[in-house]
A.B. asks: 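Here it is, the structure, as structure tokens.
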Number of protein chains: 2
Amino acid sequence: MAGPKWLDPEEMKAWRLYITTSVDLMKALEDDVRPFGLTMGDYQLLAMISEAPDRRLRMCDLADQLRLSRSGLTRRMDGVLSNAWVARVQDQADRRVAYAELTTKGWNLLRKVAPIHLASVRRLMIDHLTRAEVKAIGSAFEKISKALQP
Amino acid sequence: MAGPKWLDPEEMKAWRLYITTSVDLMKALEDDVRPFGLTMGDYQLLAMISEAPDRRLRMCDLADQLRLSRSGLTRRMDGVLSNAWVARVQDQADRRVAYAELTTKGWNLLRKVAPIHLASVRRLMIDHLTRAEVKAIGSAFEKISKALQP
DNA sequence: CCGGATTGGTTGCGATCACAACTATACGGA
DNA sequence: TCCGTATAGTTGTGATCGCAACCAATCCGG
């Protein structure tokens with residue numbers, strides 16, 4: 001390991017601000033989607049499905065992409081299913097498989113909320129950053145992500 | 001608001017990698033402290049107290065710094081109290097106030113775990129970044145943090 | 001010095017989510 | 001074909017945490 005046991009002041013500053021600010025940022029984004037009856041978890045689920053072919057995704061792929069356990073996804077689906085934003089579609093070929101499919105109602109909701117959510121991301125984060133900082137965050141987390149892949 | 005409704009590709013890349021990688025990173029750090037019987041929440045609580053004068057902190061200040069609600073902190077204290085890492089000390093002057101005070105046992109644990117935790121932060125995050133990226137993350141989250149202050 | 005407002009902290013309750021155990025389906029080698 | 005294994009998803013249980021309601025102690029205006 002290259003480094004000493006401790007982080008130098010700049011590393012410590014980056015680490016601490018990243019950790020504490022991330023929590024605050026998430027709560028603020030949560031506040032901005034709540035008026036639509038959504039949690040950030042719901043929003044991310046809808047957004048993820050909306051980008052898949054036919055606006056449907058296998059449950060287990062969805063769980064992986066959302067960083068949820070299988071059971072976590074089952075429980076989260078309860079909410080979006082009962083609101084009829086997502087429909088459950090059983091695969092005919094492999095009957096173990098279920099798809100989560102965005103309904104028209106879900107799609108309409110997402111079209112309404114997405115611009116507002118993205119405006120929040122801008123207002124709370126992106127608009128405060130220089131282009132270089134945006135790029136640095138992109139490249140930094142890309143490397144961190146790759147290193148985490150095992 | 002300066003921007004259009006959507007994020008441009010670099011902004012979107014930064015945003016998405018930041019969001020998803022942060023979850024993975026937290027889980028990996030969680031894994032690294034678990035062998036010591038700690039959660040990251042416990043660790044951050046101990047670390048926060050350890051830096052305060054006399055290694056004690058008022059409950060409500062601790063809750064604010066940890067981004068926990070009052071009740072959330074009460075519950076989290078249950079764990080560290082029963083492990084005797086932290087002691088509860090009632091303030092004599094203002095009898096509403098309780099302090100969370102690091103015990104010798106808690107201090108010894110923290111001295112053992114801190115280098116290992118910080119090594120994890122290095123290995124999983126800092127060591128993959130250039131100095132410029134570390135600085136950019138520091139300055140970026142500093143600005144985001146300031147903008148979030150109500 | 002008294003009564004209302006404020007502050008500090010806990011408790012009841014509900015939401016979220018992970019782990020382990022379970023069911024059901026599909027696959028693959030003998 | 002058949003059985004062992006792997007894969008997809010759900011359910012029981014327990015941990016974490018926030019909100020609302022609550023109690024206790026302090027502060028403050030009159």
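These values consider heavy atoms only, across backbone and side chains, with no hydrogens, waters or symmetry-generated copies. Computed from a predicted model, the values in this text were never measured in an experiment.
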A.B. asks: Within a reach of under 6.0 Å around NZ of B:K135, are more than 12 heavy atoms found that belong to other residues, nucleotides or ligands?
C.D. replies: no
A.B. asks: Does the side chain of A:L38 reach to within under 4.5 Å of the side chain of A:W85, using non-hydrogen atoms?
C.D. replies: yes
A.B. asks: List, one per line, each side-chain donor-acceptor pair under 3.5 Å for residues 42-50 of chain A, sequence neighbours excluded.
C.D. replies:
unit_1	atom_1	unit_2	atom_2	d
A:D42	OD2	A:T39	N	3.3
A:D42	OD2	A:T39	OG1	3.2
A:S50	OG	A:A47	O	2.7

A.B. asks: Hey, are B:R34 and B:D31 close enough for a salt bridge, meaning a charged N less than 4.0 Å from a carboxylate O?
C.D. replies: yes
A.B. asks: Going by heavy atoms closer than 4.0 Å, what residues in residues 64-88 of chain A are next to DNA chain C?
C.D. replies: A:R67, A:L68, A:S69, A:S71, A:G72, A:R75, A:R76
A.B. asks: Does A:L81 belong to the same Ile/Leu/Val/Met/Phe/Trp/Tyr cluster as A:M59, with side-chain heavy atoms less than 4.5 Å apart forming each link?
C.D. replies: yes
A.B. asks: Is any side-chain heavy atom of A:R16 closer than 4.5 Å to a side-chain heavy atom of A:I19?
C.D. replies: no
A.B. asks: Quickly work out the B:Q90 CD to C:dG9 C1' distance and round it to whole Å.
C.D. replies: 9 Å
A.B. asks: How close or far is atom P of C:dT25 from atom CZ of A:R96, stated in whole angstroms?
C.D. replies: 10 Å
A.B. asks: Any Lys/Arg nitrogen of B:R131 or A:E11 sitting under 4.0 Å from an Asp/Glu carboxylate oxygen of the other?
C.D. replies: yes
A.B. asks: Could you tell me whether the side chain of A:R95 has a donor or acceptor atom within less than 3.5 Å of a complementary atom in the base of C:dT25?
C.D. replies: no
A.B. asks: Rounded to whole Å, please give me the gap between CG in A:D91 and P in C:dA26.
C.D. replies: 9 Å
A.B. asks: Would you say that A:L29 contacts A:H117 through its side chain, given a criterion of any heavy-atom pair below 4.5 Å between the two side chains?
C.D. replies: yes
A.B. asks: B:Q92 CD to C:dG8 C1': how many Å, rounded?
C.D. replies: 16 Å
A.B. asks: Got a sec? Which of residues 27-60 of chain A come in under 4.0 Å of DNA chain C, heavy atoms?
C.D. replies: none
A.B. asks: Which part of the nucleic acid does A:A100 contact within heavy-atom distance under 4.0 Å: base, sugar-phosphate only, or nothing?
C.D. replies: nothing
